[in-house]
Trainee: 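Before anything else, here's the structure in question.
Keep in mind that this is a model prediction, so the values were computed, not measured. Below, all heavy atoms of this structure are taken into account, side chains as well, without hydrogens, waters or symmetry copies.
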Amino acid sequence: MDRRAVGVELGLACLVGGLCALLVAGPALPKLWTALPGVAQDDGLHAVYLHHQVHAAVAAGRFDLSDPATFWPTGAPLARMNGGNILEMLLSGIFRFILPFPAWLSLSALAWIPLNLLASQPLGWALWGRRLPALAAGAAWALSPALLAQISSLRLTQVALVGLPLAVLGLLRLSETGGRKAAALTGAGLALLGLGYWFYAAMLLACLPLFLLHARRRRPPLALLKELALAGGLALLLVSPALGPQVLALAAGAWMPAAPLTAEHSSPLFQDALQLSLSQPPGLRGWLPLVLLLAAPLSLRLGQRRGLWLGCALLCTTFALGPAQDLLGYRWLLPYYPLWRWFPGVDRMSHPDRWLGIGGLFWVIFAADGLARIRPRLTVLLPAGVLAQQLVVGQLPLSTWAFPVPAVWQAVADLPPPSGPEAIVVLPLMRAPNSVAWAHLHGRPLLGAMVENQPWFIPPAQRAFLDASPLVHDLWALSQGGRTPPALWQADLDRLAEAGFAWILLDRRSWRRNPPSAAYDPEPMLSAAWGRPVWTGPDGALWRLPATGQPGPAPERGPLVFDGPRPTLSGASAHPLHPDERRAPKAEPAAPDEVSRRTPAYSAVKQAAASATAAR
């Protein structure tokens, strides 16, 4: 295909992808100029913060993506906390140059539909050599329910999949013909996939044994391994600008947060996993559209490489079920369990539904393959069926929500420009993670951060700062349901003022969502102790940090202990977390453990023992 033909095909792909995005937006399209896609929820608020923060970090040359304005005064090394995937932010940054907020974020979310379709065209042409099947299959994948659910939640990290079809095409060529171009394509695809979401790259590599099996009679093993090594080296080189600052920081002894999840002490049941029962989590309803199931039998008979595509699709779907499920009165350990339980790092991936982002492509390829070979025009039924099903079940058209600015945060934004940092202590203390969503409006640093209610993410320097302040201790007690006015010590107030703190803000929405404090309103008590707030309203209240307190040295209170539940995925037990990086002693596992007690084998043994006892 010459360059002009390639340009025509890419232009058509962009046109079809744009049409698909318009169909998804539907009547909501005009609203996206002033509203965000989906419904109001925490992930959307955090996305607002992360996109603004990453743009600011890159513009300031902070390529480690650190944020000095949250977890003030020590700052937050966010890339080490959340992985630092920035592909979605780079795209939204381009839109930000030409559009106002929130339009640049809303439209950049929809832009992943044509981008994913465009990225799938080389794979589609390599498989079928025809325009219509390539466009139709790409559209069916870009419009899949699992991906549109992520767009509606503004979890765009899980939609940045442009590297996936490129990497799949590279692996296919490596397994069949080989060559440096195939290795380069594989490496570039893996790098793009990892920059979007590191776990996606790991998930695709989990399918690598199936590609090796596919290559067993087509390629010499040694040549294949050399080219795979070349692809891996190129991928690492391409992601080094993103990973390099983190690796260098860790090599210099920088702090790295411990894993919030450990397979040893977490339930193997995942709430957002694909379920074997008929009831699915909201984002997975209709995850495998009926039209793909209707087309699949034709591929079983006429399709090529059907073992590879179906094998990869089934592997990803199996892992999407999570490590275990309860069914028919038993707990069944699934094939993902050994990987989750014993393979280092896998227990950090707490959202098994993400496997369907990878598996969805393989399901579409398998479903389209047979039809594309005998009736290529009929492949247009695949994206049409995917869209129709989502319209019927009510997942489309796209809903929108206006980005809310609570009046108390608008009041902060309306304050005169600060002469210094004028940092804000937010109540409930370390339990108001959504407060960062409005940080770009007022520009003042915050004591907390998006992950503040996950204490294992608080940097040690920040914990030391919190430990040394009696006022912080008292505000923490207040946020935990205590009803005693905080004590004010002059030395402590001077230290806080020197660190740049000037305000204390009651975020009443967060206060009501915090179970220990939801039962009462602290404003009357604080006003009696500190004086009337500078601003008060239904959304909260704002005080100047008191200037005077008791004389003498501030008393030492010792380390703060944040008692809160670790995310155990089944809502299981809480684990106390200590601010000096020491973990509470781990409980010894019961014998037999919870898993083995629920397996059919254990139940059978228990029943046999009970029968023997009754017989005696």
Trainee: Could you tell me if the ring centre of Tyr200 sits under 6.0 Å from that of Trp355?
Mentor: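 That pair fails the under 6.0 Å test.
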Trainee: Carefully, step by step, assess Leu396 and Leu23 under the rule side-chain contact (heavy atoms from CB on, under 4.5 Å).
Mentor: CA-CA 9 Å; Leu396 288 178; Leu23 291 174; over 6 Å; no
Trainee: Using a 3.5 Å distance criterion without hydrogens, assess whether the side chain of Thr157 forms a donor-acceptor pair with backbone atoms of Glu88.
Mentor: no
Trainee: Taking the side chain as every heavy atom from C-beta outward, state whether Asn85 and Trp198 have any atom pair closer than 4.5 Å.
Mentor: yes
Trainee: Answer whether the closest heavy-atom distance between the side chains of Asn82 and Leu50 falls below 4.5 Å.
Mentor: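 Sidechains of Leu50 and Asn82: in contact.
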Trainee: Salt bridge or not for Asp42 and Arg513, using N-O below 4.0 Å?
Mentor: yes
Trainee: Quick one: does any side-chain atom of Asn116 pair with a main-chain N or O of Trp112 as donor and acceptor, under 3.5 Å?
Mentor: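 Answer holds: yes.
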Trainee: So, the side chain of Glu422 versus the backbone of Trp503: is there a donor-acceptor pair under 3.5 Å, distance only?
Mentor: no
Trainee: Surrounding CZ of Arg544 (heavy atoms of other residues, nucleotides or ligands, distance under 6.0 Å), is the total greater than 12?
Mentor: yes
Trainee: Under 6.0 Å between ring centres, would you say that holds for His440 and Phe101?
Mentor: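 Between Phe101 and His440, which both carry aromatic rings, the centre distance is below 6.0 Å.
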Trainee: Could you report the tightest heavy-atom contact between Met450 and Val436, atom names first, then the distance?
Mentor: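 In terms of heavy atoms, the two residues are closest at N-CG1, 3.7 Å.
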Trainee: Would you call the rings of Phe501 and Phe465 parallel, tilted or perpendicular, taking 30° and 60° as the class edges?
Mentor: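 Correct class here is parallel.
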Trainee: Between Val39 and Ser399, what is the shortest heavy-atom contact and its length?
Mentor: CG1-OG, 3.7 Å
Trainee: Among residues at least two apart in sequence or on other chains, which ones pass side-chain hydrogen bond (donor to acceptor under 3.5 Å, both in side chains) with Arg62?
Mentor: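 Testing Arg62 for side-chain hydrogen bond (donor to acceptor under 3.5 Å, both in side chains), a comparison that skips the adjacent residues, returns none.
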Trainee: Just do the side chain to side chain donor-acceptor pair (under 3.5 Å) check on Ser92 and His55 with the steps written out, would you?
Mentor: CA-CA 9 Å; Ser92 67; His55 296 164; 3.0 Å; yes
Trainee: Please round to the nearest 0.5 Å and tell me the distance separating atom CG of Leu356 and atom OG of Ser144.
Mentor: 8.5 Å
Trainee: Check whether Phe457 forms a cation-pi arrangement with Arg80 (NZ or CZ under 6.0 Å from the six-membered ring centre, at most 45° off the ring normal).
Mentor: no
Trainee: What verdict does the side-chain contact (heavy atoms from CB on, under 4.5 Å) test give for Asn514 and Asn453, after you've listed the backbone C-alpha separation in whole Å, the side-chain angles of each residue and the deciding distance to 0.1 Å?
Mentor: CA-CA 10 Å; Asn514 181 42; Asn453 60 343; over 6 Å; no
Trainee: Backbone N or O of Ala432 within a donor-acceptor pair of the Ser435 side chain at under 3.5 Å?
Mentor: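 Yes; judged by distance alone, with no hydrogens or angles, the pair exists.
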Trainee: How far apart are the C-alpha atoms of Glu523 and Thr536, what are their side-chain angles, what is the distance that settles it, and do they pass the side chain to side chain donor-acceptor pair (under 3.5 Å) test?
Mentor: CA-CA 9 Å; Glu523 183 181 340; Thr536 185; 2.6 Å; yes
Trainee: So, the side chain of Gln158 versus the backbone of Gly196: is there a donor-acceptor pair under 3.5 Å, distance only?
Mentor: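 No: the side chain of Gln158 does not pair with the backbone of Gly196.
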Trainee: Hey, are the side chains of Arg354 and Gln150 touching, using non-hydrogen atoms and a 4.5 Å cut-off?
Mentor: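 In short, these two side chains touch, coming nearer than 4.5 Å.
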Trainee: Check whether any side-chain heavy atom of Ser152 sits under 4.5 Å from a side-chain heavy atom of Pro37, and report yes or no.
Mentor: no
Trainee: If you count heavy atoms of other groups shown closer than 6.0 angstrom to CZ of Arg495, is the number above 12?
Mentor: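 Atom CZ in Arg495 is packed in, count exceeds 12.
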Trainee: Say you draw a straight line from CD of Gln389 to CZ of Arg285; how long is it, rounded to the nearest 0.5 Å?
Mentor: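 That separation rounds to 13.0 Å.
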Trainee: Could you tell me which non-hydrogen atom of Leu161 sits nearest to which non-hydrogen atom of Gly357, and how far apart they are?
Mentor: CD1-O, 3.8 Å
Trainee: Look at Arg509 together with Asp539 and state whether they make a salt bridge at an N to O cut-off of under 4.0 Å.
Mentor: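 The answer is yes: the pair qualifies as a salt bridge.
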Trainee: With side-chain contact (heavy atoms from CB on, under 4.5 Å) as the test, would you mind laying out the steps for Val239 and Leu195 before giving the verdict?
Mentor: CA-CA 7 Å; Val239 301; Leu195 289 171; 4.2 Å; yes
Trainee: Decide salt bridge (Lys or Arg N to Asp or Glu O under 4.0 Å) for Arg155 and Asp43; before the verdict, give the C-alpha distance in whole Å, the side-chain angles of both, and the deciding distance to 0.1 Å.
Mentor: CA-CA 7 Å; Arg155 290 191 291 264; Asp43 286 334; 2.6 Å; yes
Trainee: Do Asp467 side-chain atoms and Leu560 backbone N/O form a donor-acceptor pair below 3.5 Å?
Mentor: yes
Trainee: Would you mind reporting whether Pro145 and Leu148 have side-chain heavy atoms less than 4.5 Å apart?
Mentor: no
Trainee: Between Gln462 and Pro73, is there a side-chain heavy-atom distance shorter than 4.5 Å?
Mentor: yes
Trainee: Are the side chain of Trp409 and the backbone N or O of Ala437 linked by a donor-acceptor pair below 3.5 Å?
Mentor: no
Trainee: Apply side-chain contact (heavy atoms from CB on, under 4.5 Å) to Leu274 and Trp287, showing your working.
Mentor: CA-CA 9 Å; Leu274 186 67; Trp287 67 274; 3.2 Å; yes
Trainee: Whether the side chain of Arg463 engages the backbone of Ile458 through a donor-acceptor N/O pair (distance < 3.5 Å, no angle test) should be reported.
Mentor: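 Pair found, side chain donor or acceptor close to backbone of Ile458.
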Trainee: I need the Phe199 CZ to Met349 CE distance, nearest 0.5 Å.
Mentor: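 It comes to 6.5 Å.
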Trainee: Would you indicate whether the side-chain heavy atoms of Leu478 and Leu526 approach each other to under 4.5 Å?
Mentor: yes
Trainee: Any sub-3.5 Å donor-acceptor pair from Trp511's side-chain atoms to Tyr520's backbone N or O?
Mentor: yes
Trainee: Within the side chain of Asp64, is there an N or O that forms a donor-acceptor pair under 3.5 Å with the backbone of Gln246?
Mentor: no
Trainee: Considering all heavy atoms of both residues, which atom of Ala273 and which atom of Pro281 are nearest to each other, and what is their separation?
Mentor: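 Between these two residues, the closest heavy atoms are O-CG, 3.4 Å.
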Trainee: Please round to the nearest 0.5 Å and tell me the distance separating atom CZ of Arg96 and atom CG of Leu91.
Mentor: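 Reported to 0.5 Å precision, the distance equals 13.5 Å.
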Trainee: Might you point out which heavy atoms bring Ala57 and Leu65 nearest each other, and give the distance in Å?
Mentor: CB-CA, 4.0 Å
Trainee: Rounded to the nearest 0.5 Å, how far apart are NE2 of His51 and CG of Leu105?
Mentor: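 Taking NE2 in His51 and CG in Leu105, the distance rounds to 5.0 Å.
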Trainee: With rounding to the nearest 0.5 angstrom, report the CG to CD1 distance, Leu415 to Ile424.
Mentor: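 Leu415 CG to Ile424 CD1: 8.0 Å, rounded to 0.5 Å.
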Trainee: Using the six-membered ring wherever Trp is involved, compare the ring planes of His52 and Trp104 and label them parallel, tilted or perpendicular (cut-offs 30° and 60°).
Mentor: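 Perpendicular, since the angle between the ring planes exceeds 60°.
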Trainee: Side-chain contact, heavy-atom cut-off 4.5 Å: Thr484 with Asp474?
Mentor: no
Trainee: If I compare all heavy atoms of Phe71 with all of Ala449, which pair ends up nearest, and what's the gap?
Mentor: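 Heavy atoms only, the tightest pair is CE1-CB, 3.7 Å.
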